[in-house]
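Take a look at the structure set out below.
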Amino acid sequence: MKDQEEPEVLEVARGYLAPLREAEVDTLVLGCTHYPLLTGALSYVMGEGVTLVSSAEETAKDVYRVLADLDLLRPESLPAPTHGFTTTGDPEQFRLLARRFLGPEVADVFGNMGEGR
């Protein structure tokens, strides 16, 4: 994946966002899972007057509220959770990319059906 500051990424963003800039929108909802990874480029192209809203963050807040209201939050007394990831692509490439946005805890990455560990 290219860094969002690279000229090619900014040029693609400019092309896609041109109609929104022309419409002078003041808020842009990032409705796809990978858009938060491009926040820097999207914000740069749209300008300071445009607010970016991450649908992922808003969804997470709503899920938390529902779980809390239904008393379904994970009890603190349980052991810490572990995480595993499955990818249809190259597990090592996924691990490197995932660490950029999920953090260093991305360790267990499996290929198709647990292969390629």
Side-chain angles (χ1 to χ4, degrees):
M1 178 177 170
K2 291 185 176 288
D3 285 330
Q4 56 185 322
E5 296 84 15
E6 291 193 27
E8 297 91 353
V9 173
L10 293 173
E11 191 58 37
V12 169
R14 283 186 189 98
Y16 278 105
L17 296 171
L20 299 174
R21 287 181 48 85
E22 290 170 15
E24 298 181 357
V25 300
D26 62 0
T27 303
L28 182 61
V29 177
L30 307 179
C32 195
T33 58
H34 63 284
Y35 290 167
L37 300 174
L38 298 169
T39 300
L42 299 175
S43 180
Y44 177 78
V45 170
M46 291 304 293
E48 291 183 21
V50 176
T51 300
L52 301 184
V53 177
S54 169
S55 61
E57 289 179 27
E58 296 307 313
T59 299
K61 290 176 189 175
D62 285 344
V63 168
Y64 181 85
R65 278 192 283 276
V66 169
L67 292 174
D69 289 347
L70 297 174
D71 197 28
L72 294 174
L73 293 175
R74 185 184 152 278
E76 292 287 328
S77 59
L78 291 178
T82 59
H83 301 93
F85 301 87
T86 301
T87 178
T88 56
D90 175 30
E92 187 57 31
Q93 187 176 25
F94 176 88
R95 183 180 292 110
L96 293 173
L97 180 60
R99 284 183 174 168
R100 289 178 67 181
F101 57 94
L102 295 176
E105 60 273 1
V106 177
D108 291 331
V109 179
F110 309 97
N112 290 330
M113 305 302 247
E115 299 170 16
R117 182 169 196 209

### Query
Are Leu38 and Val12 joined in one hydrophobic group, where the rule is that I, L, V, M, F, W and Y side chains link up if heavy atoms are under 4.5 Å apart?
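No; Val12 is not reachable from Leu38 via cluster members.
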### Task
Is it possible for you to say whether Val9 and Tyr16 belong to one hydrophobic cluster, with membership spreading through side-chain heavy-atom contacts below 4.5 Å?
no
Tell me, please, which residues at least two apart from [X] pass side chain to side chain contact (heavy atoms under 4.5 Å, CB included).
X	answer
Pro79	none
Val53	Thr27, Val29, Thr51, Glu58
Tyr44	Leu10, Arg14

Taking side chain as C-beta onward, heavy atoms only, is [X] less than 4.5 Å from [Y]?
X	Y	answer
Leu28	Leu17	yes
Met46	Val25	yes
Leu96	Glu92	yes

### Summary
So salt bridge (Lys or Arg N to Asp or Glu O under 4.0 Å) across residues 68-83, not counting sequence neighbours, yields none
### Selection residues 20-37 - residue pairs positive for salt bridge (Lys or Arg N to Asp or Glu O under 4.0 Å), sequence neighbours left out
none
### Query
Sub-3.5 Å donor-acceptor pair from the side chain of Ser55 to the main-chain atoms of Leu30, do we have one?
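At least one qualifying donor-acceptor pair exists.
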### Sequence-distant partners of Arg65, side chain to side chain donor-acceptor pair (under 3.5 Å), two or more places apart
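For Arg65, the residues satisfying side chain to side chain donor-acceptor pair (under 3.5 Å) (neighbours in sequence not counted) are Asp62.
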### Message
Is it the case that atom CZ in Phe85 sees more than 12 heavy atoms from other parts of the structure closer than 6.0 Å?
### Response
yes
